[in-house]
Amino acid sequence: MAKQLVKLEHVTYQYDDQETPALKDVSLEVQEGEWLAIVGHNGSGKSTLARILNGLLFPQHGSVMVCGHELNEESIWEIRKSIGMVFQNPDNQFVGTTVQDDVAFGLENGGIPPVEMRERVKDALSKVKMDQFLDQEPHHLSGGQKQRVAIAGILALRPAIIVLDEATSMLDPRGREEVFQTVLELKERENLTVLSITHDLEEAAKADRIIVMNRGKVYRSGTPEEVFRLAEELIRLGLDIPFPVKISKMLREKGIDLSRQFLSEEELVAELWTSHCSM
Ligand SMILES: Nc1ncnc2c1ncn2[C@@H]1O[C@H](COP(=O)(O)OP(=O)(O)O)[C@@H](O)[C@H]1O
Ligand SMILES: [Mg+2]
């Protein structure tokens with residue numbers, strides 16, 4: 001059985017100045033090597049969940065386990081080493097004056113010897129394909145490149161899990177694709193566990209599993225195929241379902257019987273050609 005890296009049990013969190021909790025009785029698990037996408041309307045509690053995971057916030061009820069440690073005041077530093085966070089705005093995350101300084105920053109804080117540090121910085125930057133930019137200053141980089149450097153900064157610390165909170169939402173389509181491909185490769189090659197919080201359901205469609213949040217609760221959890229079967233419900237929850245799912249839904253309404261849920265345009269087109277076109 002796969003190892004459980006994260007386990008939330010009955011987590012409730014309410015901000016001081018709010019009348020209702022941002023998270024209500026949330027339970028979920030993340031397995032080692034898994035890519036879990038979390039989707040949900042604005043204000044559904046996704047970022048609060050990310051903050052709970054790395055101990056920026058402590059839940060009022062329930063428990064959080066990360067890599068076998070229960071999150072509390074004592075374990076928090078250990079836990080932060082195992083969870084790397086990438087946030088939305090690439091410009092708020094750059095702390096170094098050059099690409100390599102930026103990646104080295106977290107390591108300097110961790111008291112790692114200079115020789116090992118240089119190796120780790122180069123290694124992390126080559127994993128995100130930014131090793132040609134060691135001495136570049138941040139303002140010369142595109143948004144996608146900045147986010148890849150942010151990811152390298154995390155990789156250098158060798159965490160077990162990477163949490164991306166809308167990390168691609170401020171990027172143009174090219175930057176989004178760059179970051180997405182980077183994470184995908186890391187997941188496959190380095191067996192990194194990924195928790196991606198995203199508005200982009202096309203991106204979530206490629207994850208191993210999706211959790212749909214609604215008003216602070218886990219509304220559904222399942223494979224992309226299972227979750228997108230709820231097309232109507234997702235639209236009602238304020239989510240924009242992927243284009244091939246929309247088209248499939250319209251085709252079914254017209255009486256065209258599709259054998260399963262298609263999440264990519266290519267697969268849907270292939271199905272229509274082979275099963276529904278007579279020449
Ligand atoms: N720092 C904060 N102080 C008070 N309320 C907050 C804060 N951050 C978020 N909230 C509230 O908590 C709820 C969940 O927000 P959030 O976790 O940011 O959702 P999401 O990331 O899904 O958009 C919302 O009602 C939001 O207004
Ligand atoms: Mg958010």
Side-chain angles (χ1 to χ4, degrees), residues 6-30 35-64 66 71 73 76 79-80 83-94 143-144 146-147 150-151 154 161-172 175-176 179-180 183 193-207 209-222 224 227-228 230 233-242:
V6 173
K7 188 177 171 103
L8 262 66
E9 284 187 301
H10 307 294
V11 165
T12 295
Y13 182 84
Q14 182 162 349
Y15 291 97
D16 283 345
D17 56 349
Q18 298 286 307
E19 282 175 8
T20 52
L23 293 177
K24 296 173 207 155
D25 196 22
V26 169
S27 297
L28 59 86
E29 289 161 14
V30 187
W35 179 325
L36 174 64
I38 298 193
V39 302
H41 61 84
N42 231 333
S44 59
K46 305 181 300 295
S47 292
T48 305
L49 180 68
R51 289 180 207 127
I52 292 260
L53 280 175
N54 86 335
L56 284 170
L57 301 175
F58 284 92
Q60 284 105 0
H61 300 284
S63 65
V64 181
V66 179
L71 180 73
E73 310 268 350
I76 182 165
I79 285 179
R80 284 201 184 145
I83 285 207
M85 313 278 287
V86 185
F87 296 100
Q88 189 170 32
N89 189 338
D91 292 316
N92 292 349
Q93 298 185 70
F94 230 97
K146 283 180 195 161
Q147 287 301 57
I151 293 171
I154 286 165
I161 308 160
I162 184 166
V163 177
L164 303 125
D165 187 359
E166 307 271 5
T168 60
S169 64
M170 289 179 77
L171 307 179
D172 58 19
R176 220 175 284 164
V179 172
F180 176 78
V183 175
T193 306
V194 181
L195 202 156
S196 69
I197 294 171
T198 177
H199 258 98
D200 186 344
L201 265 59
E202 311 246 353
E203 192 182 298
K206 294 171 192 145
R209 191 158 60 93
I210 300 180
I211 285 183
V212 183
M213 298 287 296
N214 183 45
R215 297 162 159 226
K217 289 187 170 168
V218 172
Y219 182 80
R220 262 312 139 72
S221 160
V227 165
F228 290 123
L230 309 168
E233 287 175 56
L234 299 179
I235 294 168
R236 238 184 300 122
L237 299 182
L239 295 170
D240 189 22
I241 57 174

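Note that the structure is a prediction, hence the values are computed from the model and not measured. Computation of the quantities below employed the complete heavy-atom set of this structure, encompassing side-chain atoms and omitting hydrogens, waters and symmetry-equivalent molecules. We count ligands from 1, going down the list as the structure has it; atoms in each ligand are counted the same way.
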message = Measuring only between side-chain heavy atoms, which start at C-beta, is Leu23 closer than 4.5 Å to Met213?
response = yes
task = Using a 4.5 Å cut-off on heavy atoms from C-beta on, say whether the side chain of Ser196 contacts that of Val183.
result = no
I'd like the atom pairs linking ligand 1 to the protein - N or O on both sides, separation under 3.5 Å - with distances to 0.1 Å.
| residue | atom | partner | partner atom | Å |
| --- | --- | --- | --- | --- |
| ligand 1 | 5 (N) | Gln18 | NE2 | 3.4 |
| ligand 1 | 8 (N) | Tyr15 | OH | 3.4 |
| ligand 1 | 17 (O) | Ser47 | N | 3.4 |
| ligand 1 | 17 (O) | Thr48 | N | 2.9 |
| ligand 1 | 17 (O) | Thr48 | OG1 | 2.5 |
| ligand 1 | 19 (O) | Gly45 | N | 3.2 |
| ligand 1 | 21 (O) | Ser47 | N | 2.9 |
| ligand 1 | 21 (O) | Ser47 | OG | 3.0 |
| ligand 1 | 22 (O) | Ser44 | N | 3.2 |
| ligand 1 | 22 (O) | Ser44 | OG | 3.4 |
| ligand 1 | 22 (O) | Gly45 | N | 3.1 |
| ligand 1 | 22 (O) | Lys46 | N | 3.0 |
| ligand 1 | 22 (O) | Lys46 | NZ | 2.8 |
| ligand 1 | 23 (O) | Asn42 | OD1 | 3.4 |
| ligand 1 | 23 (O) | Gly43 | N | 2.7 |

Please tell me whether [X] and [Y] have a donor and an acceptor in their side chains that are separated by less than 3.5 angstrom.
X: Gln147; Y: Gln93; value: yes
X: Ser27; Y: Glu9; value: no
X: Thr48; Y: Tyr15; value: yes
X: Ser47; Y: Asp165; value: yes
X: Ser221; Y: Arg209; value: yes

query = Any idea how many protein N, O or S atoms are nearer than 2.8 Å to the Mg ion (ligand 2)?
reply = 1
note = d(Arg176 CZ, Leu171 CG) to nearest 0.5 Å is 7.0 Å
message = Using a 6.0 Å distance limit plus a 45 degree cone around the ring axis, check whether Lys146 lies over the aromatic ring of Phe94.
response = no
